[in-house]
Amino acid sequence: MDMNNFTVWHGILVSLFIMLIVFLILYLLAVILGSLKYIVKGPETTEKQEPTLPTATSHTDAEEKMVAMLTAACVAKQELKKDVQIVSCKRIN
């Protein structure tokens, strides 16, 4: 292929060929990594571990309370048309 006769069509063909090669390499890597989970097995445990739920931290609870209080204050201020003050905050389910 002569560089003087190199057209846009040749450039598209070269680009598609290179993209095909890249995707084939990525597919081969995926197959290799996928087969590793069958080849290399970790230590087997006899007891099943129950998935633990994340415990609510004080930071998250405080943040949720603050959002609830601000929302309640905004709604109350719009309805009452005067200043409001939040006295307490209690979670209801």
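Model, not experiment: these values are computed from the prediction.
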Smallest separation among heavy atoms of [X] and [Y], with atom names:
{"X": "Lys82", "Y": "Lys77", "value": "O-CG, 3.8 Å"}
{"X": "Ala72", "Y": "Ile86", "value": "CB-CD1, 4.3 Å"}
{"X": "Ala76", "Y": "Val84", "value": "CB-CG1, 3.9 Å"}

Is there a path of hydrophobic side-chain contacts, each under 4.5 Å between heavy atoms of I, L, V, M, F, W or Y residues, that connects [X] with [Y]?
{"X": "Ile39", "Y": "Leu28", "value": "no"}
{"X": "Leu13", "Y": "Leu24", "value": "no"}
{"X": "Leu16", "Y": "Val8", "value": "yes"}
{"X": "Leu33", "Y": "Tyr27", "value": "no"}

Could you check if a side-chain atom of Ile25 sits within less than 4.5 angstrom of a side-chain atom of Ile21, using non-hydrogen atoms only?
->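 Side-chain contact under 4.5 Å: yes.
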pair His10-Thr7: side-chain heavy atoms closer than 4.5 Å =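 When only atoms from C-beta onward are counted, Thr7 and His10 do touch, with a gap below 4.5 Å.
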With a cut-off of 6.0 Å (strictly less than), are more than 12 heavy atoms of other residues, nucleotides or ligands near CE of Met69?
->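 Correct, the count exceeds 12.
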